[in-house]
Chemist: 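One structure coming up, written as structure tokens, with questions to follow.
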Number of protein chains: 2
Amino acid sequence: MPLDRSIIASLPLFEGLSPAELDGVLKDARAARFPKESTIFEQEAEVRSFFVLLAGHVRVVRATPDGRQVIARYISEGEIFGIAAALGRLTYPATAIAAVDCVVLVWPNAVWPDLAARFPVLSAGTFKTVGSRLQDAQARVVELATEHVEQRVANALLRLANQTGRKTEAGIEIDFPIWRQDIAEMTGTTLHTVSRLLSAWEERGIVVSGRQRVTVTDAHRLVLLAQHRSKD
Amino acid sequence: MPLDRSIIASLPLFEGLSPAELDGVLKDARAARFPKESTIFEQEAEVRSFFVLLAGHVRVVRATPDGRQVIARYISEGEIFGIAAALGRLTYPATAIAAVDCVVLVWPNAVWPDLAARFPVLSAGTFKTVGSRLQDAQARVVELATEHVEQRVANALLRLANQTGRKTEAGIEIDFPIWRQDIAEMTGTTLHTVSRLLSAWEERGIVVSGRQRVTVTDAHRLVLLAQHRSKD
DNA sequence: CGTGCGATTGACGCGTATCAATGTAAGTGG
DNA sequence: CCACTTACATTGATACGCGTCAATCGCACG
């Protein structure tokens, strides 16, 4: 049963493609559902597919040889991911895990060259995506090298709020379950320190947080904390 | 005066191109010389060109708003750099500085789409380059987030030695001037700490170092230091 | 109404940044 | 060619951020 083109027509990645072209893109795709906390692909595994996230949130994690792990990024709806093949890799550089129940489109690896050649929009869009992830990664390098834990955690929360925030009456809530350990793994610190920071911020009315839930209530002051320079 | 195709024929980036094609690639290029410590392009400046390094070493630096800086990478001979345009950026994300006297090829920005379309080898090669830089950057994020200063400095030296090392009778010498501050900016630490580490390592016979010069004499033990988890 | 996992909080100490002083090699100008 | 200057490197003393260890709390779920 072919997939309906309407499910991807509105995604920026496929912008400008005609209905017939959309069908062509979808011909080789299949939809898949991944329950919360299930693995979509695993680090070091052979690259077989690439993906577009239709619904949900995906956590991308890199593990170190000694068992520690770092969250490389969260994927939001509409994003392409697992494009290791296009970058000339044979194995995935990280593990992707559904942070909530997810729906994804899956293409077999082998169709990429053909798709990229037939749809320059797609190729250019992917180029841009990779470029912006490179920017991201290098910005994080700078952050880790120069900023203190407090600023890094503030920045991480702001990025999450921007990227996936849902407005509530209390403020901007991060709309997937996230626990202290996650935030620690995004910022290169420990859950203890994250907990202390969130507690302190909650006391000052900047955030409201609880079990697997964080709401930013005063983004402005959080920005100030994020920019706070140690030396001036 | 047209450039001779022999200057790029042996570079991996242009592998497989016919003599006529090489001439086509070179038609829009010009060669330029940058003296030691001169700026090739500046962070935030409008993107006008992209480059291939023919001779020398280039240091790529990102500055933070408060004046600190981080060395993003060193470019070696034969590498393409300053490809912000291909990634859809209007300004350079970093500053490139000649670490020694350099010779580079310069193409105007505008010819990229045409070149990329006419020479898929070039496009694919650039894709791979960007992909591997993304890998690099994310690996550094993990390093900064999980490892201690000593391991990070050891890793940085090993990478430099691998990438640009020159064998001497004493060991592998990094063949461009590098001072303590540079190593500090590669690893997110201070020149003081780097100095202390190098002194300690020199005492143990692992490196020999002096003013703007570092030679790795016992790479094996340095690898051990780099992998050293937690404690003894 | 327990049971357990996530969150909180305190105590402590290590790793490094920071501050400061001195050493030393490479220019530079007379 | 030598005194002077500048810039990089070394080394010690001190402070402190934050990781680590450990105990307790409290909300969710069976």
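None of the values given here were measured: they were computed from a predicted structure. In the text below, chain A, chain B and the rest are named by the order of the sequence lines, each starting its count at 1. Below, each value reflects all heavy atoms present in this structure, side chains not excepted, and no hydrogens, waters or symmetry copies.
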Chemist: Strictly below 4.0 Å: does B:Ser199 bring a side-chain N or O up to OP1 or OP2 of D:dT11?
Modeler: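 Yes, such a contact exists.
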Chemist: Return yes if some donor-acceptor pair links the side-chain N/O of A:Arg140 with the main-chain N/O of B:Val141 below 3.5 Å, else return no.
Modeler: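 No.
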Chemist: Between B:Thr190 and B:Thr193, does any side-chain donor sit less than 3.5 Å from a side-chain acceptor?
Modeler: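 The criterion, which ignores hydrogens and geometry beyond distance, is satisfied for B:Thr193 and B:Thr190.
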Chemist: Take the C1' atoms of the five end pairs on each side of the helix from C:dC1-D:dG30 to C:dG30-D:dC1, derive the two axes, and give their angle rounded to 10 degrees.
Modeler: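 Result, rounded to 10 degrees: 40°.
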Chemist: Would you kindly give the NZ-to-C1' distance between B:Lys36 and C:dG27, to the nearest whole Å?
Modeler: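 From B:Lys36 NZ to C:dG27 C1': 12 Å.
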Chemist: When you look at CZ of A:Arg48, are more than 12 heavy atoms from neighbouring residues, nucleotides or ligands closer to it than 6.0 Å?
Modeler: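 Counting neighbours around CZ of A:Arg48, 12 or fewer heavy atoms of other residues, nucleotides or ligands fall under 6.0 Å, so no.
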Chemist: Figure out the CG/P separation between A:Leu144 and D:dG19, and round it to whole Å.
Modeler: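 About 12 Å, once rounded to whole Å.
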Chemist: Quick check against the 3.5 Å criterion: does B:Ser195 have a side-chain atom that pairs as donor or acceptor with the backbone of B:Leu191?
Modeler: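 Side chain of B:Ser195 to backbone of B:Leu191, a donor-acceptor pair under 3.5 Å: no, none is there.
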Chemist: Between A:Ser195 and A:Arg211, which is nearer to the 5' end of DNA chain C once each is assigned its nearest nucleotide?
Modeler: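 With A:Arg211 and A:Ser195 compared, the 5'-side residue is A:Arg211.
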Chemist: How long is the span from the CD atom in B:Glu79 to the CG atom in B:Leu11, to the nearest 0.5 Å?
Modeler: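 B:Glu79 atom CD to B:Leu11 atom CG measures 11.0 Å (nearest 0.5 Å).
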Chemist: In whole Å, what is the span from the CG atom of A:Leu197 to the P atom of C:dT9?
Modeler: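 So the two atoms are 12 Å apart, to the nearest Å.
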Chemist: For C:dT16, does OP1 or OP2 lie under 4.0 Å from any side-chain N or O of B:His148?
Modeler: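 Result: yes.
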Chemist: Just to be sure I understand the rule, does B:Gln212 reach a base, reach only the sugar-phosphate, or reach nothing, if contact means heavy atoms closer than 4.0 Å?
Modeler: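 Touches sugar-phosphate only.
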Chemist: In whole Å, what is the span from the CD atom of A:Glu37 to the P atom of C:dC5?
Modeler: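 After rounding, the reported distance stands at 15 Å.
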Chemist: Would you kindly give the CD-to-P distance between B:Glu147 and C:dG15, to the nearest whole Å?
Modeler: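 So the CD-P distance, B:Glu147 to C:dG15, works out to 16 Å.
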Chemist: Using 30° and 60° as the class boundaries, would you call the ring planes of B:Phe41 and B:Tyr92 parallel, tilted or perpendicular?
Modeler: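 B:Phe41 vs B:Tyr92 ring planes: parallel.
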Chemist: Take the protein atom CZ of A:Arg196 and the nucleotide atom P of D:dA22, then report the distance between them rounded to whole Å.
Modeler: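 Nearest whole value for this atom pair: 15 Å.
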Chemist: Over how many whole Å does the gap from A:His192 atom NE2 to D:dC21 atom C1' extend?
Modeler: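 My rounded result for the distance is 8 Å.
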Chemist: Could you tell me if the ring centre of A:Phe81 sits under 6.0 Å from that of A:Phe50?
Modeler: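 Ring centres of A:Phe50 and A:Phe81 not closer than 6.0 Å.
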Chemist: Tell me if a side-chain donor or acceptor on B:Arg62 pairs with a main-chain N or O of B:Ala94 at a distance below 3.5 Å.
Modeler: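 No; zero donor-acceptor contacts below 3.5 Å.
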Chemist: When the distance from CD of B:Glu202 to P of D:dA9 is rounded to whole Å, what number comes out?
Modeler: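 Interatomic distance, CD of B:Glu202 to P of D:dA9: 12 Å.
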Chemist: In Å and rounded to the nearest 0.5 Å, what is the CZ to OG1 distance from B:Arg166 to B:Thr215?
Modeler: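 Rounded to the nearest 0.5 Å, the CZ-OG1 separation comes to 8.5 Å.
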Chemist: Check this one for me: any side-chain N or O of A:Thr193 less than 4.0 Å away from OP1 or OP2 of D:dC18?
Modeler: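 Answer no for this pair, as no side-chain N or O of A:Thr193 is under 4.0 Å from OP1 or OP2.
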Chemist: When you measure from every atom of DNA chain C, which of residues 171-190 of chain B have a heavy atom less than 4.0 Å away?
Modeler: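 Residues of residues 171-190 of chain B under 4.0 Å from DNA chain C: B:Gly188, B:Thr189, B:Thr190.
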